[in-house]
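Here's the structure, in C-alpha coordinates; my notes come after.
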Number of protein chains: 2
Amino acid sequence: MSSTRREGGAASADLTAQAKIRNAAIAHFARDGFQKTNVRTIAATAGVSPGLVIHHFGSKENLRAVCDDHVLRILTERAHGTSPAGMQALFGQYQSDPEEYHLYVRYMMRAIEEDTPAATTFVNTLVDGSEQILRDGIAEGSLRPSSDVRALAVLSVLISLATLTAPPPLARTLGFEQAGPGLLQRLGLPVLEIFTHGMYADDSILKAAQAVWHGAQESPQSPKGMND
Amino acid sequence: MSSTRREGGAASADLTAQAKIRNAAIAHFARDGFQKTNVRTIAATAGVSPGLVIHHFGSKENLRAVCDDHVLRILTERAHGTSPAGMQALFGQYQSDPEEYHLYVRYMMRAIEEDTPAATTFVNTLVDGSEQILRDGIAEGSLRPSSDVRALAVLSVLISLATLTAPPPLARTLGFEQAGPGLLQRLGLPVLEIFTHGMYADDSILKAAQAVWHGAQESPQSPKGMND
DNA sequence: CAGTATCTTAAACACATGTTCAGCTTGACG
DNA sequence: CGTCAAGCTGAACATGTGTTTAAGATACTG
(Lines give C-alpha, C1' and ligand atoms only; values in the text may rest on other atoms or scores of the structure.)
Protein backbone atom coordinates (compact mmCIF):
# COMPACT_ATOMS: atom_id res chain seq x y z
CA MET A 1 0.00 0.00 0.00
CA SER A 2 2.21 2.82 1.30
CA SER A 3 5.96 2.84 0.92
CA THR A 4 7.18 5.30 3.50
CA ARG A 5 4.45 5.53 6.16
CA ARG A 6 4.14 3.03 8.98
CA GLU A 7 1.28 0.61 9.26
CA GLY A 8 -0.76 -1.06 11.98
CA GLY A 9 -0.15 1.37 14.79
CA ALA A 10 -2.72 1.86 17.55
CA ALA A 11 -2.66 5.58 18.28
CA SER A 12 -5.32 7.69 16.61
CA ALA A 13 -3.01 10.43 15.38
CA ASP A 14 0.00 9.74 13.21
CA LEU A 15 -1.66 7.05 11.10
CA THR A 16 -1.89 6.39 7.42
CA ALA A 17 -5.00 7.92 5.93
CA GLN A 18 -6.00 4.44 4.87
CA ALA A 19 -5.77 3.23 8.44
CA LYS A 20 -7.66 6.25 9.77
CA ILE A 21 -10.42 5.65 7.25
CA ARG A 22 -10.53 1.95 8.06
CA ASN A 23 -10.71 2.58 11.80
CA ALA A 24 -13.40 5.20 11.37
CA ALA A 25 -15.37 2.82 9.17
CA ILE A 26 -15.07 -0.01 11.69
CA ALA A 27 -16.29 2.26 14.47
CA HIS A 28 -19.30 3.48 12.52
CA PHE A 29 -20.18 0.10 11.05
CA ALA A 30 -20.07 -1.40 14.54
CA ARG A 31 -22.15 1.36 16.09
CA ASP A 32 -24.70 2.15 13.39
CA GLY A 33 -24.46 -0.69 10.89
CA PHE A 34 -23.29 -0.71 7.32
CA GLN A 35 -26.41 0.72 5.71
CA LYS A 36 -26.91 3.63 8.06
CA THR A 37 -23.30 4.71 7.73
CA ASN A 38 -22.50 6.84 4.70
CA VAL A 39 -19.16 7.56 3.13
CA ARG A 40 -19.25 11.23 4.05
CA THR A 41 -19.61 10.41 7.75
CA ILE A 42 -16.69 8.02 7.64
CA ALA A 43 -14.62 10.63 5.85
CA ALA A 44 -15.52 13.27 8.38
CA THR A 45 -14.57 11.05 11.31
CA ALA A 46 -11.30 10.18 9.63
CA GLY A 47 -10.69 13.88 8.94
CA VAL A 48 -10.56 13.26 5.23
CA SER A 49 -12.49 14.07 2.08
CA PRO A 50 -15.19 11.70 0.83
CA GLY A 51 -13.38 11.19 -2.43
CA LEU A 52 -10.33 9.81 -0.70
CA VAL A 53 -12.31 7.00 0.83
CA ILE A 54 -13.24 5.70 -2.59
CA HIS A 55 -9.80 6.53 -3.95
CA HIS A 56 -8.18 4.19 -1.45
CA PHE A 57 -10.77 1.45 -1.20
CA GLY A 58 -12.52 1.52 -4.55
CA SER A 59 -16.01 1.38 -3.13
CA LYS A 60 -17.91 1.40 0.13
CA GLU A 61 -18.58 -2.30 -0.31
CA ASN A 62 -14.89 -3.06 -0.69
CA LEU A 63 -14.14 -0.93 2.34
CA ARG A 64 -16.48 -3.17 4.26
CA ALA A 65 -14.60 -6.22 3.02
CA VAL A 66 -11.31 -4.74 4.21
CA CYS A 67 -12.80 -3.92 7.60
CA ASP A 68 -14.24 -7.41 7.85
CA ASP A 69 -10.88 -8.99 7.23
CA HIS A 70 -9.17 -6.66 9.65
CA VAL A 71 -11.59 -7.33 12.50
CA LEU A 72 -11.65 -11.03 11.73
CA ARG A 73 -7.87 -11.20 11.96
CA ILE A 74 -7.77 -9.32 15.25
CA LEU A 75 -10.47 -11.48 16.77
CA THR A 76 -9.04 -14.80 15.65
CA GLU A 77 -5.50 -13.86 16.63
CA ARG A 78 -6.67 -13.14 20.14
CA ALA A 79 -8.77 -16.26 20.34
CA HIS A 80 -5.71 -18.38 19.57
CA GLY A 81 -3.90 -17.04 22.59
CA THR A 82 -6.37 -18.56 25.03
CA SER A 83 -7.25 -22.06 26.15
CA PRO A 84 -10.38 -22.18 28.33
CA ALA A 85 -13.65 -23.56 27.04
CA GLY A 86 -15.91 -21.81 24.52
CA MET A 87 -17.73 -19.23 26.54
CA GLN A 88 -14.85 -18.72 28.94
CA ALA A 89 -12.62 -17.91 26.00
CA LEU A 90 -14.88 -15.15 24.74
CA PHE A 91 -15.78 -13.89 28.18
CA GLY A 92 -12.21 -13.87 29.35
CA GLN A 93 -11.03 -11.94 26.32
CA TYR A 94 -13.82 -9.50 26.78
CA GLN A 95 -13.28 -8.85 30.46
CA SER A 96 -9.57 -8.32 29.94
CA ASP A 97 -10.06 -5.29 27.70
CA PRO A 98 -13.71 -4.37 27.34
CA GLU A 99 -13.22 -0.99 25.75
CA GLU A 100 -11.41 -2.08 22.63
CA TYR A 101 -12.78 -5.60 22.47
CA HIS A 102 -16.37 -4.46 22.66
CA LEU A 103 -15.92 -2.53 19.42
CA TYR A 104 -14.72 -5.56 17.52
CA VAL A 105 -17.30 -7.88 19.00
CA ARG A 106 -20.07 -5.48 18.09
CA TYR A 107 -18.64 -5.13 14.63
CA MET A 108 -18.57 -8.86 14.16
CA MET A 109 -22.09 -9.20 15.49
CA ARG A 110 -23.29 -6.77 12.87
CA ALA A 111 -21.39 -8.73 10.25
CA ILE A 112 -23.07 -11.91 11.46
CA GLU A 113 -26.48 -10.27 11.22
CA GLU A 114 -25.76 -9.22 7.67
CA ASP A 115 -24.28 -12.61 6.77
CA THR A 116 -20.89 -11.46 5.58
CA PRO A 117 -18.24 -13.98 4.41
CA ALA A 118 -15.97 -12.99 7.28
CA ALA A 119 -18.84 -13.64 9.67
CA THR A 120 -19.22 -17.17 8.35
CA THR A 121 -15.50 -17.79 8.81
CA PHE A 122 -15.61 -16.37 12.32
CA VAL A 123 -18.63 -18.38 13.38
CA ASN A 124 -17.26 -21.57 11.87
CA THR A 125 -14.00 -21.08 13.72
CA LEU A 126 -15.84 -20.46 16.96
CA VAL A 127 -18.14 -23.45 16.63
CA ASP A 128 -15.41 -25.83 15.52
CA GLY A 129 -13.17 -24.68 18.33
CA SER A 130 -15.97 -24.97 20.82
CA GLU A 131 -16.84 -28.45 19.65
CA GLN A 132 -13.24 -29.57 20.04
CA ILE A 133 -13.04 -28.13 23.52
CA LEU A 134 -16.30 -29.83 24.45
CA ARG A 135 -15.06 -33.20 23.18
CA ASP A 136 -11.82 -32.80 25.09
CA GLY A 137 -13.67 -31.81 28.23
CA ILE A 138 -16.03 -34.76 27.95
CA ALA A 139 -13.17 -37.18 27.37
CA GLU A 140 -11.28 -35.68 30.28
CA GLY A 141 -14.34 -35.85 32.51
CA SER A 142 -14.73 -32.19 33.29
CA LEU A 143 -17.82 -31.91 31.12
CA ARG A 144 -20.95 -34.06 31.09
CA PRO A 145 -21.52 -36.21 28.02
CA SER A 146 -24.02 -34.86 25.55
CA SER A 147 -26.34 -36.56 23.10
CA ASP A 148 -25.36 -34.06 20.40
CA VAL A 149 -22.00 -32.45 20.92
CA ARG A 150 -22.12 -30.49 17.69
CA ALA A 151 -25.45 -28.92 18.60
CA LEU A 152 -24.16 -28.22 22.10
CA ALA A 153 -21.19 -26.42 20.59
CA VAL A 154 -23.49 -24.31 18.44
CA LEU A 155 -25.66 -23.60 21.45
CA SER A 156 -22.77 -22.49 23.61
CA VAL A 157 -21.51 -20.17 20.87
CA LEU A 158 -25.01 -18.86 20.42
CA ILE A 159 -25.35 -18.14 24.12
CA SER A 160 -21.93 -16.53 24.25
CA LEU A 161 -22.61 -14.22 21.34
CA ALA A 162 -26.10 -13.39 22.54
CA THR A 163 -24.79 -12.55 26.00
CA LEU A 164 -21.93 -10.46 24.68
CA THR A 165 -23.99 -8.53 22.18
CA ALA A 166 -27.42 -8.44 23.76
CA PRO A 167 -29.58 -5.90 21.93
CA PRO A 168 -30.38 -2.66 23.81
CA PRO A 169 -33.99 -3.59 24.68
CA LEU A 170 -32.75 -6.68 26.49
CA ALA A 171 -29.93 -4.81 28.18
CA ARG A 172 -32.33 -2.17 29.43
CA THR A 173 -34.40 -4.79 31.27
CA LEU A 174 -31.47 -4.96 33.67
CA GLY A 175 -30.91 -1.22 33.74
CA PHE A 176 -28.05 -1.00 31.29
CA GLU A 177 -28.01 1.27 28.29
CA GLN A 178 -26.45 -1.38 26.10
CA ALA A 179 -24.48 -4.59 26.28
CA GLY A 180 -21.13 -4.20 28.00
CA PRO A 181 -19.05 -5.30 30.96
CA GLY A 182 -21.82 -4.43 33.41
CA LEU A 183 -24.43 -6.57 31.73
CA LEU A 184 -21.94 -9.37 31.22
CA GLN A 185 -21.06 -9.38 34.89
CA ARG A 186 -24.71 -9.44 35.87
CA LEU A 187 -25.48 -12.34 33.55
CA GLY A 188 -22.29 -14.25 34.28
CA LEU A 189 -23.35 -15.86 37.53
CA PRO A 190 -26.74 -17.13 36.29
CA VAL A 191 -24.98 -18.55 33.25
CA LEU A 192 -22.54 -20.46 35.42
CA GLU A 193 -25.34 -21.61 37.71
CA ILE A 194 -27.24 -23.00 34.77
CA PHE A 195 -24.13 -24.56 33.33
CA THR A 196 -23.39 -26.42 36.55
CA HIS A 197 -26.76 -27.22 38.10
CA GLY A 198 -29.28 -26.48 35.38
CA MET A 199 -32.44 -24.69 36.38
CA TYR A 200 -35.00 -27.48 36.56
CA ALA A 201 -35.35 -29.11 39.95
CA ASP A 202 -35.81 -32.57 38.47
CA ASP A 203 -35.37 -34.26 35.11
CA SER A 204 -39.04 -34.83 34.34
CA ILE A 205 -39.12 -32.37 31.45
CA LEU A 206 -35.96 -33.78 29.94
CA LYS A 207 -37.24 -37.34 30.29
CA ALA A 208 -40.48 -36.44 28.59
CA ALA A 209 -38.65 -34.68 25.78
CA GLN A 210 -36.25 -37.57 25.34
CA ALA A 211 -39.16 -39.97 25.03
CA VAL A 212 -40.74 -37.87 22.28
CA TRP A 213 -37.42 -37.30 20.57
CA HIS A 214 -36.44 -40.97 20.55
CA GLY A 215 -39.83 -41.97 19.37
CA ALA A 216 -39.61 -39.49 16.54
CA GLN A 217 -36.04 -40.31 15.66
CA GLU A 218 -36.32 -44.08 15.53
CA SER A 219 -39.45 -44.28 13.45
CA PRO A 220 -38.74 -43.51 9.80
CA GLN A 221 -41.79 -41.33 9.49
CA SER A 222 -42.22 -38.46 11.86
CA PRO A 223 -45.39 -38.57 13.94
CA LYS A 224 -46.65 -35.09 13.23
CA GLY A 225 -44.94 -34.13 9.99
CA MET A 226 -41.94 -31.88 10.37
CA ASN A 227 -41.37 -29.25 7.75
CA ASP A 228 -38.10 -27.70 6.60
CA MET B 1 -60.11 3.46 8.53
CA SER B 2 -62.38 1.85 5.93
CA SER B 3 -66.11 1.89 6.28
CA THR B 4 -67.36 -0.89 4.06
CA ARG B 5 -64.43 -3.30 3.60
CA ARG B 6 -63.66 -6.03 6.10
CA GLU B 7 -60.59 -5.99 8.25
CA GLY B 8 -58.18 -8.47 9.76
CA GLY B 9 -58.75 -11.41 7.46
CA ALA B 10 -56.00 -13.91 6.79
CA ALA B 11 -56.38 -14.72 3.09
CA SER B 12 -54.09 -12.84 0.72
CA ALA B 13 -56.73 -11.90 -1.83
CA ASP B 14 -59.88 -9.98 -0.92
CA LEU B 15 -58.20 -7.66 1.55
CA THR B 16 -58.20 -3.93 2.09
CA ALA B 17 -55.38 -2.25 0.23
CA GLN B 18 -54.17 -0.99 3.59
CA ALA B 19 -54.01 -4.54 4.91
CA LYS B 20 -52.29 -5.81 1.78
CA ILE B 21 -49.69 -3.07 2.06
CA ARG B 22 -49.21 -3.74 5.76
CA ASN B 23 -48.77 -7.46 5.23
CA ALA B 24 -46.37 -6.91 2.36
CA ALA B 25 -44.39 -4.49 4.50
CA ILE B 26 -44.24 -6.92 7.40
CA ALA B 27 -43.00 -9.67 5.12
CA HIS B 28 -40.28 -7.53 3.60
CA PHE B 29 -39.23 -5.89 6.84
CA ALA B 30 -38.93 -9.31 8.43
CA ARG B 31 -36.98 -10.79 5.55
CA ASP B 32 -34.72 -7.94 4.48
CA GLY B 33 -34.92 -5.37 7.25
CA PHE B 34 -36.36 -1.89 7.28
CA GLN B 35 -33.53 -0.10 5.53
CA LYS B 36 -33.08 -2.51 2.65
CA THR B 37 -36.78 -2.51 1.88
CA ASN B 38 -37.99 0.38 -0.25
CA VAL B 39 -41.49 1.65 -0.71
CA ARG B 40 -41.64 0.62 -4.36
CA THR B 41 -40.92 -3.00 -3.48
CA ILE B 42 -43.62 -3.03 -0.83
CA ALA B 43 -46.06 -1.49 -3.29
CA ALA B 44 -45.18 -4.05 -5.95
CA THR B 45 -45.70 -6.96 -3.56
CA ALA B 46 -49.01 -5.51 -2.46
CA GLY B 47 -49.99 -5.00 -6.11
CA VAL B 48 -50.35 -1.29 -5.59
CA SER B 49 -48.74 1.97 -6.64
CA PRO B 50 -45.96 3.48 -4.52
CA GLY B 51 -47.95 6.62 -3.94
CA LEU B 52 -50.76 4.72 -2.28
CA VAL B 53 -48.44 3.43 0.39
CA ILE B 54 -47.67 6.95 1.52
CA HIS B 55 -51.26 8.05 0.99
CA HIS B 56 -52.49 5.47 3.49
CA PHE B 57 -49.68 5.52 6.02
CA GLY B 58 -48.23 8.99 5.71
CA SER B 59 -44.62 7.87 5.58
CA LYS B 60 -42.48 4.78 5.48
CA GLU B 61 -41.53 5.39 9.09
CA ASN B 62 -45.17 5.49 10.17
CA LEU B 63 -45.84 2.35 8.16
CA ARG B 64 -43.17 0.70 10.25
CA ALA B 65 -44.87 1.88 13.42
CA VAL B 66 -48.18 0.39 12.27
CA CYS B 67 -46.49 -2.89 11.39
CA ASP B 68 -44.75 -2.90 14.76
CA ASP B 69 -48.02 -2.50 16.61
CA HIS B 70 -49.71 -5.13 14.50
CA VAL B 71 -47.01 -7.75 15.03
CA LEU B 72 -46.72 -6.85 18.69
CA ARG B 73 -50.44 -7.36 19.18
CA ILE B 74 -50.43 -10.73 17.41
CA LEU B 75 -47.44 -11.94 19.38
CA THR B 76 -48.67 -10.83 22.78
CA GLU B 77 -52.20 -12.10 22.17
CA ARG B 78 -50.81 -15.54 21.48
CA ALA B 79 -48.44 -15.44 24.41
CA HIS B 80 -51.38 -14.84 26.75
CA GLY B 81 -53.04 -18.04 25.66
CA THR B 82 -50.26 -20.20 27.05
CA SER B 83 -49.02 -21.07 30.50
CA PRO B 84 -45.71 -23.00 30.45
CA ALA B 85 -42.46 -21.38 31.47
CA GLY B 86 -40.56 -18.78 29.44
CA MET B 87 -38.78 -20.75 26.82
CA GLN B 88 -41.48 -23.37 26.62
CA ALA B 89 -44.01 -20.67 25.88
CA LEU B 90 -42.10 -19.35 22.90
CA PHE B 91 -41.01 -22.75 21.69
CA GLY B 92 -44.47 -24.20 22.02
CA GLN B 93 -46.05 -21.36 20.08
CA TYR B 94 -43.42 -21.69 17.43
CA GLN B 95 -43.72 -25.43 16.96
CA SER B 96 -47.49 -25.22 16.73
CA ASP B 97 -47.45 -23.07 13.60
CA PRO B 98 -43.92 -22.46 12.37
CA GLU B 99 -44.83 -21.04 8.98
CA GLU B 100 -46.80 -18.05 10.13
CA TYR B 101 -45.17 -17.63 13.52
CA HIS B 102 -41.70 -17.58 12.07
CA LEU B 103 -42.55 -14.48 10.08
CA TYR B 104 -43.64 -12.56 13.15
CA VAL B 105 -40.76 -13.75 15.29
CA ARG B 106 -38.28 -12.71 12.62
CA TYR B 107 -40.02 -9.38 12.29
CA MET B 108 -39.82 -8.78 16.01
CA MET B 109 -36.19 -9.82 16.09
CA ARG B 110 -35.41 -7.20 13.47
CA ALA B 111 -37.36 -4.68 15.51
CA ILE B 112 -35.32 -5.61 18.56
CA GLU B 113 -32.09 -5.17 16.64
CA GLU B 114 -33.18 -1.73 15.54
CA ASP B 115 -34.46 -0.83 19.01
CA THR B 116 -38.02 0.06 18.13
CA PRO B 117 -40.52 1.10 20.83
CA ALA B 118 -42.63 -1.97 20.13
CA ALA B 119 -39.53 -4.10 20.59
CA THR B 120 -38.98 -2.62 24.03
CA THR B 121 -42.57 -3.36 24.99
CA PHE B 122 -42.29 -6.89 23.68
CA VAL B 123 -39.04 -7.62 25.45
CA ASN B 124 -40.28 -6.12 28.70
CA THR B 125 -43.40 -8.25 28.55
CA LEU B 126 -41.34 -11.34 27.87
CA VAL B 127 -38.85 -10.70 30.65
CA ASP B 128 -41.46 -9.74 33.22
CA GLY B 129 -43.54 -12.77 32.36
CA SER B 130 -40.53 -15.00 32.47
CA GLU B 131 -39.48 -13.63 35.85
CA GLN B 132 -42.91 -14.26 37.28
CA ILE B 133 -42.93 -17.80 35.97
CA LEU B 134 -39.50 -18.39 37.40
CA ARG B 135 -40.54 -17.11 40.84
CA ASP B 136 -43.63 -19.30 40.78
CA GLY B 137 -41.61 -22.31 39.72
CA ILE B 138 -39.06 -21.71 42.45
CA ALA B 139 -41.75 -21.28 45.09
CA GLU B 140 -43.50 -24.39 43.87
CA GLY B 141 -40.25 -26.35 43.83
CA SER B 142 -40.09 -27.24 40.17
CA LEU B 143 -37.23 -24.83 39.56
CA ARG B 144 -33.98 -24.46 41.43
CA PRO B 145 -33.47 -21.28 43.44
CA SER B 146 -31.32 -18.67 41.81
CA SER B 147 -29.09 -15.97 43.22
CA ASP B 148 -30.49 -13.45 40.73
CA VAL B 149 -33.93 -14.31 39.42
CA ARG B 150 -34.23 -11.17 37.34
CA ALA B 151 -30.97 -11.86 35.54
CA LEU B 152 -32.02 -15.46 35.08
CA ALA B 153 -35.24 -14.29 33.47
CA VAL B 154 -33.32 -12.05 31.11
CA LEU B 155 -30.96 -14.87 30.32
CA SER B 156 -33.74 -17.31 29.51
CA VAL B 157 -35.41 -14.79 27.22
CA LEU B 158 -32.07 -14.10 25.61
CA ILE B 159 -31.50 -17.79 24.98
CA SER B 160 -35.02 -18.25 23.67
CA LEU B 161 -34.77 -15.39 21.22
CA ALA B 162 -31.28 -16.32 20.13
CA THR B 163 -32.34 -19.90 19.51
CA LEU B 164 -35.46 -18.91 17.63
CA THR B 165 -33.78 -16.32 15.46
CA ALA B 166 -30.25 -17.62 15.12
CA PRO B 167 -28.48 -15.73 12.35
CA PRO B 168 -27.78 -17.65 9.12
CA PRO B 169 -24.04 -18.18 9.76
CA LEU B 170 -24.88 -19.96 13.00
CA ALA B 171 -27.68 -21.96 11.44
CA ARG B 172 -25.39 -23.12 8.65
CA THR B 173 -22.98 -24.69 11.13
CA LEU B 174 -25.69 -27.29 11.64
CA GLY B 175 -26.54 -27.57 7.97
CA PHE B 176 -29.61 -25.36 7.90
CA GLU B 177 -30.10 -22.48 5.53
CA GLN B 178 -31.62 -20.32 8.24
CA ALA B 179 -33.28 -20.52 11.62
CA GLY B 180 -36.49 -22.51 11.58
CA PRO B 181 -38.22 -25.59 12.95
CA GLY B 182 -35.34 -27.85 11.92
CA LEU B 183 -32.72 -25.88 13.78
CA LEU B 184 -35.00 -25.45 16.76
CA GLN B 185 -35.56 -29.18 16.97
CA ARG B 186 -31.85 -29.86 16.74
CA LEU B 187 -31.03 -27.38 19.49
CA GLY B 188 -33.97 -28.28 21.69
CA LEU B 189 -32.52 -31.38 23.32
CA PRO B 190 -29.16 -29.81 24.25
CA VAL B 191 -31.05 -26.88 25.71
CA LEU B 192 -33.11 -29.17 27.89
CA GLU B 193 -30.05 -31.18 28.89
CA ILE B 194 -28.29 -28.04 30.01
CA PHE B 195 -31.39 -26.81 31.78
CA THR B 196 -31.70 -30.00 33.80
CA HIS B 197 -28.14 -31.22 34.35
CA GLY B 198 -25.95 -28.34 33.31
CA MET B 199 -22.87 -29.14 31.28
CA TYR B 200 -20.09 -29.00 33.85
CA ALA B 201 -19.31 -32.30 35.56
CA ASP B 202 -18.68 -30.63 38.91
CA ASP B 203 -19.26 -27.25 40.53
CA SER B 204 -15.63 -26.16 40.75
CA ILE B 205 -16.02 -23.38 38.20
CA LEU B 206 -19.17 -22.08 39.84
CA LYS B 207 -17.56 -22.18 43.28
CA ALA B 208 -14.58 -20.24 42.03
CA ALA B 209 -16.79 -17.67 40.37
CA GLN B 210 -18.97 -17.33 43.45
CA ALA B 211 -15.91 -16.68 45.57
CA VAL B 212 -14.79 -13.89 43.28
CA TRP B 213 -18.29 -12.50 42.95
CA HIS B 214 -18.97 -12.45 46.67
CA GLY B 215 -15.60 -10.96 47.38
CA ALA B 216 -16.25 -8.24 44.85
CA GLN B 217 -19.80 -7.64 45.98
CA GLU B 218 -19.24 -7.40 49.71
CA SER B 219 -16.29 -5.06 49.61
CA PRO B 220 -17.35 -1.49 48.82
CA GLN B 221 -14.49 -1.02 46.40
CA SER B 222 -14.13 -3.45 43.56
CA PRO B 223 -10.84 -5.32 43.52
CA LYS B 224 -9.88 -4.78 39.92
CA GLY B 225 -11.86 -1.71 38.93
CA MET B 226 -15.00 -2.41 36.96
CA ASN B 227 -16.03 0.11 34.37
CA ASP B 228 -19.49 1.05 33.03
C1' DC C 1 -78.51 11.02 -13.43
C1' DA C 2 -75.53 14.38 -11.05
C1' DG C 3 -72.65 15.01 -7.33
C1' DT C 4 -69.38 13.84 -4.25
C1' DA C 5 -66.20 11.47 -1.54
C1' DT C 6 -62.85 7.94 -1.54
C1' DC C 7 -59.49 5.04 -3.73
C1' DT C 8 -55.84 4.77 -6.81
C1' DT C 9 -52.34 5.90 -10.14
C1' DA C 10 -48.46 7.86 -12.89
C1' DA C 11 -45.31 11.28 -13.21
C1' DA C 12 -42.60 14.65 -11.13
C1' DC C 13 -39.97 16.51 -7.26
C1' DA C 14 -36.42 16.76 -3.58
C1' DC C 15 -32.96 14.95 -1.36
C1' DA C 16 -29.47 11.67 0.24
C1' DT C 17 -25.61 9.14 -1.15
C1' DG C 18 -22.06 6.39 -3.82
C1' DT C 19 -18.91 7.62 -7.16
C1' DT C 20 -16.09 10.25 -10.59
C1' DC C 21 -13.03 13.80 -12.07
C1' DA C 22 -10.04 17.70 -12.83
C1' DG C 23 -6.91 19.92 -10.39
C1' DC C 24 -4.09 21.26 -6.20
C1' DT C 25 -0.48 20.09 -2.75
C1' DT C 26 3.40 17.55 -1.14
C1' DG C 27 7.62 15.33 -1.21
C1' DA C 28 11.28 12.62 -3.54
C1' DC C 29 14.80 12.38 -7.00
C1' DG C 30 18.06 13.67 -10.60
C1' DC D 1 15.25 23.88 -9.88
C1' DG D 2 12.32 20.83 -12.73
C1' DT D 3 9.76 16.88 -13.04
C1' DC D 4 7.05 13.36 -11.64
C1' DA D 5 4.36 10.26 -8.81
C1' DA D 6 1.32 9.94 -5.09
C1' DG D 7 -1.83 11.85 -1.69
C1' DC D 8 -5.64 14.51 -1.38
C1' DT D 9 -9.57 17.80 -2.15
C1' DG D 10 -13.96 19.97 -3.50
C1' DA D 11 -17.35 20.09 -6.72
C1' DA D 12 -20.02 17.78 -9.96
C1' DC D 13 -22.48 13.62 -11.58
C1' DA D 14 -25.72 9.67 -11.47
C1' DT D 15 -28.80 7.06 -9.24
C1' DG D 16 -31.93 5.28 -5.78
C1' DT D 17 -35.65 6.49 -2.96
C1' DG D 18 -39.21 8.87 0.07
C1' DT D 19 -42.67 11.92 -0.92
C1' DT D 20 -45.94 15.17 -3.36
C1' DT D 21 -49.34 16.32 -6.60
C1' DA D 22 -52.63 16.52 -10.17
C1' DA D 23 -55.62 13.78 -12.39
C1' DG D 24 -58.33 9.49 -13.37
C1' DA D 25 -61.33 5.58 -11.72
C1' DT D 26 -64.87 3.86 -8.72
C1' DA D 27 -68.67 3.58 -5.83
C1' DC D 28 -71.98 5.41 -2.90
C1' DT D 29 -75.79 9.10 -2.12
C1' DG D 30 -79.63 12.19 -2.96
Side-chain angles (χ1 to χ4, degrees), chain A residues 1-9 11-68 110 114 116, chain B residues 1-9 12-68 110-111 114 116:
Chain A
M1 310 280 179
S2 63
S3 52
T4 55
R5 313 266 178 103
R6 46 215 145 327
E7 175 76 23
S12 63
D14 196 29
L15 269 181
T16 301
Q18 283 201 33
K20 282 195 288 189
I21 294 171
R22 171 172 45 74
N23 290 345
I26 290 174
H28 279 106
F29 289 162
R31 206 164 312 275
D32 308 320
F34 180 77
Q35 304 265 350
K36 289 185 182 175
T37 304
N38 58 14
V39 176
R40 283 165 177 81
T41 301
I42 296 172
T45 300
V48 148
S49 74
L52 192 63
V53 175
I54 266 64
H55 171 77
H56 276 310
F57 295 94
S59 69
K60 186 189 176 188
E61 189 58 43
N62 190 62
L63 171 59
R64 190 239 284 266
V66 171
C67 292
D68 276 19
R110 288 234 118 105
E114 298 179 25
T116 267
Chain B
M1 311 275 180
S2 63
S3 52
T4 56
R5 312 267 179 104
R6 45 218 143 327
E7 175 76 19
S12 64
D14 196 30
L15 269 181
T16 301
Q18 283 200 34
K20 282 194 288 189
I21 293 170
R22 172 173 44 74
N23 290 345
I26 290 174
H28 279 106
F29 290 162
R31 206 163 310 275
D32 308 320
F34 180 77
Q35 303 266 349
K36 290 185 183 175
T37 304
N38 58 12
V39 176
R40 283 164 176 82
T41 301
I42 297 172
T45 299
V48 148
S49 75
L52 193 63
V53 175
I54 264 65
H55 171 77
H56 276 310
F57 296 93
S59 69
K60 186 190 176 189
E61 190 58 44
N62 191 62
L63 171 59
R64 190 239 283 267
V66 171
C67 292
D68 276 19
R110 288 234 118 106
E114 298 179 27
T116 266

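A note on names: the letters A, B, ... follow the listed sequences, proteins ahead of strands, and every chain is numbered from 1. The analysis underlying the following values was restricted to heavy atoms, covering all of them including side chains, and did not include hydrogens, waters or symmetry mates.
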Pull out every protein N or O sitting under 3.5 Å from an N or O of nucleotides 16-18 of chain C, one pair per line with the distance.
residue	atom	partner	partner atom	Å
C/dT17	OP2	A/Asn38	ND2	3.0
C/dG18	OP1	A/Lys60	NZ	3.0
C/dG18	OP2	A/Val39	N	2.8
C/dG18	N7	A/Arg40	NH1	2.9
C/dG18	O6	A/Arg40	NH2	2.9

Contacts satisfying salt bridge (Lys or Arg N to Asp or Glu O under 4.0 Å) that involve residues 48-58 of chain B (not counting sequence neighbours) are none
Got a sec, which pairs hit salt bridge (Lys or Arg N to Asp or Glu O under 4.0 Å) with one end in residues 23-33 of chain B, sequence neighbours left out?
-> none
Under the side chain to side chain donor-acceptor pair (under 3.5 Å) test, which residues partner A/Thr37, sequence neighbours left out?
-> none
Quick one: closest heavy-atom pair of A/Arg22 and A/Val66, and the distance?
-> CD-CG1, 4.0 Å
Using ring-ring contact (aromatic ring centres under 6.0 Å, His included) as the criterion, list what pairs up with A/Phe57, not counting sequence neighbours.
-> none
Rounded off to whole Å, could you give me the [atom1]-to-[atom2] distance for the [X] and [N] pair?
{"X": "B/Leu63", "N": "D/dG18", "atom1": "CG", "atom2": "C1'", "answer": "12 Å"}
{"X": "B/Asn62", "N": "D/dT20", "atom1": "CG", "atom2": "C1'", "answer": "17 Å"}
{"X": "B/His55", "N": "D/dT19", "atom1": "NE2", "atom2": "P", "answer": "15 Å"}
{"X": "B/Phe57", "N": "D/dT20", "atom1": "CZ", "atom2": "P", "answer": "15 Å"}
{"X": "B/Asp32", "N": "D/dT17", "atom1": "CG", "atom2": "P", "answer": "12 Å"}
{"X": "A/Leu52", "N": "C/dC21", "atom1": "CG", "atom2": "P", "answer": "16 Å"}

Considering just the side-chain nitrogens and oxygens of B/His56, establish if one lies under 4.0 Å of OP1 or OP2 belonging to C/dT8.
-> yes
What protein N or O atoms touch nucleotides 22-27 of chain C N or O atoms at under 3.5 angstrom, if any, and at what distances?
none

Contacts of A/Arg40 meeting side chain to side chain contact (heavy atoms under 4.5 Å, CB included) (sequence neighbours excluded), chain-then-number -> A/Asn38, A/Pro50
With sequence neighbours excluded, what pairs up with B/Ala30 under the side chain to side chain contact (heavy atoms under 4.5 Å, CB included) test?
-> B/Leu103, B/Arg106, B/Tyr107
Measure the CD1-CG distance between A/Ile21 and A/Leu52 for me, rounded to the nearest 0.5 Å.
-> 4.5 Å
Among residues two or more places apart or on two chains, list those pairs meeting side chain to side chain donor-acceptor pair (under 3.5 Å) that have a residue in residues 45-62 of chain B.
-> B/Gln18-B/His56, B/His28-B/Thr45, B/Glu61-B/Arg64
If you look at every strand shown and take non-hydrogen atoms under 4.0 Å, does B/Val53 touch a base, only sugar-phosphate, or nothing?
-> nothing
